[in-house]
> 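Below are the structure tokens for one structure; questions will follow.
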Protein chains: 2
Amino acid sequence: MTSPAKRQRADARRNYDVLLEAAKDVFARLGTDAPLEIVAQEAGVGRGTLYRHFPSREHVFAAIMRDSAELLDARARELLDAPDGATRLPEWLRLYDRAATEYPGMSGHVGDGLADDGSPVAATCAPMKASFAALLDRARAEGHVRPDVTATQVLTLVGALPKDPATGRTAEPYLDVVLAGLRITT
Amino acid sequence: MTSPAKRQRADARRNYDVLLEAAKDVFARLGTDAPLEIVAQEAGVGRGTLYRHFPSREHVFAAIMRDSAELLDARARELLDAPDGATRLPEWLRLYDRAATEYPGMSGHVGDGLADDGSPVAATCAPMKASFAALLDRARAEGHVRPDVTATQVLTLVGALPKDPATGRTAEPYLDVVLAGLRITT
DNA sequence: ACCTGAACACCGTTCAAGT
DNA sequence: ACCTGAACACCGTTCAAGT
């Protein structure tokens with residue numbers, strides 16, 4: 001279930017899939033700011049075809065995030081009833097961080113997209129975002145989290161954390177600092 | 001003391017000053033990712049002249065930061081002996097955040113530059129960075145700060161915090177979250 | 001209905017010619 | 001020694017022509 005279920009010609013559907021795989025490949029090698037021109041080339045289609053399927057780079061990110069967003073959504077709903085209330089949020093946010101940094105440079109775009117309701121990333125990740133918000137609400141109700149942060153803010157903040165240039169992953173100890181900062185420590 | 005003290009022709013020196021003022025003006029209006037072409041135009045010089053004085057956009061940021069870095073350096077040295085140990089770091093980091101966000105989009109570049117010893121920003125801000133490191137060391141020694149963060153990491157993290165799109169300033173409550181996360185709270 | 005690739009736009013960067 | 005602006009490169013984006 002990696003592409004949208006719209007009715008379309010077989011070649012169009014195939015091009016979508018090929019483009020998405022090419023994008024993952026190119027992004028993995030060159031980072032998510034790589035020229036989309038290269039993606040079209042590697043997919044073996046014309047530039048116009050790429051822009052038809054993915055009107056903007058953000059649409060590519062949204063497509064890339066589709067599967068992880070589904071997993072993260074499910075995981076958030078599971079964690080809602082997990083026994084140890086204090087560790088639910090850290091655990092989920094680490095998974096989110098891993099998913100958002102799967103391709104170098106993507107997490108900032110994902111975090112920004114989640115803060116903008118008009119973005120394709122926000123559309124794709126809406127269920128995940130809602131489930132995380134529920135998780136955050138419960139943590140807040142139980143007094144584990146400072147009350148002045150919203151779900152969107154947390155996701156945007158984590159997405160913005162500086163990266164290790166070598167791996168593209170969030171560098172240590174930024175996530176730990178943020179998790180500590182979110183805790184209520186009276 | 002806004003431009004380097006190298007010996008140069010009067011017109012060159014004047015062009016440097018005009019370009020820097022133009023950059024501030026353009027950055028204030030269009031953000032720090034604005035085309036440098038516009039800066040050259042507004043300064044009334046050719047593109048080549050701009051690149052002669054500022055080989056890269058980072059060099060412009062370094063020049064823009066020169067004065068604030070001097071102030072921040074002085075302030076850090078003052079605060080080293082301030083009475084209330086727990087508030088020294090927050091106070092200074094708020095000032096740093098204000099300076100780095102003076103032009104929309106600049107703080108990320110400044111934070112990245114400070115983490116890269118080869119960058120012109122790192123060169124310009126070296127005294128400031130050293131003074132801040134001393135401040136951080138003392139806070140660490142007094143047990144106010146978690147021991148696993150370096151000065152560079154703190155400055156890069158603060159520079160990376162998400163911005164309010166309207167003002168370009170660090171949005172609330174990100175800096176508060178980070179400051180809380182840096183504290184030792186046993 | 002979709003694809004292709006030429007064409008245009010934008011802007012960073014260089015450099016030959018000028019003063 | 002420095003300035004200028006034409007020229008090139010790169011790449012996002014569009015669109016007329018084709019299938």
Side-chain angles (χ1 to χ4, degrees), chain A residues 3-23 25-27 29-64 103-106 109 112-113 119-121, chain B residues 3-23 25-27 29-64 103-106 109 112-113 119-121:
Chain A
S3 42
K6 272 191 293 184
R7 251 175 217 296
Q8 47 185 351
R9 243 165 55 177
D11 57 342
R13 165 58 191 263
R14 164 147 180 78
N15 277 337
Y16 178 96
D17 293 341
V18 171
L19 276 164
L20 186 51
E21 287 314 303
D25 211 76
V26 171
F27 287 176
R29 291 201 325 271
L30 308 176
T32 49
D33 291 331
L36 294 184
E37 196 179 5
I38 298 181
V39 173
Q41 242 174 281
E42 177 152 329
V45 305
R47 280 147 131 84
T49 304
L50 188 153
Y51 282 97
R52 158 173 290 266
H53 288 289
F54 302 98
S56 78
R57 195 177 289 268
E58 269 231 278
H59 287 264
V60 184
F61 297 144
I64 287 181
Y103 299 96
M106 187 173 70
H109 296 289
D112 290 349
S119 95
V121 171
Chain B
S3 41
K6 273 192 293 185
R7 248 173 220 297
Q8 47 186 352
R9 244 166 54 178
D11 56 344
R13 165 57 192 263
R14 163 146 181 79
N15 278 338
Y16 178 95
D17 292 342
V18 171
L19 276 164
L20 185 52
E21 287 313 304
D25 210 75
V26 170
F27 287 176
R29 292 203 323 271
L30 307 177
T32 48
D33 292 330
L36 293 183
E37 194 180 6
I38 299 182
V39 173
Q41 239 175 282
E42 177 152 329
V45 305
R47 279 147 133 82
T49 305
L50 187 153
Y51 283 96
R52 159 173 290 266
H53 287 288
F54 302 98
S56 78
R57 195 177 289 267
E58 269 231 278
H59 288 263
V60 184
F61 297 143
I64 286 181
Y103 299 96
M106 187 174 69
H109 296 288
D112 290 349
S119 95
V121 170

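Chain naming here is simple, since letters A, B, ... match the order of the sequence lines and numbering starts at 1 in each. Just so it is clear, the values below take in all heavy atoms, side chains as well, and ignore hydrogens, waters and symmetry mates.
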> Is there, by distance only and without an angle test, a donor paired with an acceptor across the side chain of R47(B) and the base of dT14(C) below 3.5 Å?
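Not at all, since no donor on one side and acceptor on the other fall under 3.5 Å apart.
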> Can you sort out the partners of F27(A) under ring-ring contact (aromatic ring centres under 6.0 Å, His included), two or more places apart, ordered by chain and number?
F61(A)
> Whole angstrom is fine here: how far is it from CZ in R52(B) over to P in dT14(C)?
13 Å
> Quick check: on DNA chain C, is the nucleotide nearest R57(B) upstream (toward 5') of the one nearest T49(B), or the reverse? Name the residue that is more 5'.
R57(B)
> Could you tell me whether the side chain of E42(B) reaches within less than 4.5 Å of the side chain of R29(B), counting heavy atoms only?
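Yes - at least one pair of side-chain heavy atoms lies under 4.5 Å apart.
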> Find the distance L50(B):CG to dT4(D):C1' and express it as a whole number of Å.
13 Å
> Rounded to the nearest 0.5 Å, what's the gap from CZ on R52(B) to CG on N15(B)? Could you check?
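Reported value, rounded in 0.5 Å steps: 10.5 Å.
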> Measure the distance from CG on L19(B) to P on dT4(D) and round it to the nearest whole Å.
9 Å
> If you assign each of G48(B) and Y51(A) to its closest nucleotide in DNA chain D, which residue comes earlier from the 5' end?
G48(B)
> Under 4.0 Å, heavy atom to any atom of DNA chain C: which of residues 33-43 of chain B qualify?
P35(B), L36(B), E37(B)
> Side chains of F54(B) and L36(B): closer than 4.5 Å at any heavy-atom pair?
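Sidechains of L36(B) and F54(B): no contact.
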> Go through DNA chain D and write down every stem, that is, every run of at least three consecutive Watson-Crick or G-U wobble pairs with distances under 3.5 Å, as range with range.
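The stems are C:4-8 with D:12-16, C:12-16 with D:4-8.
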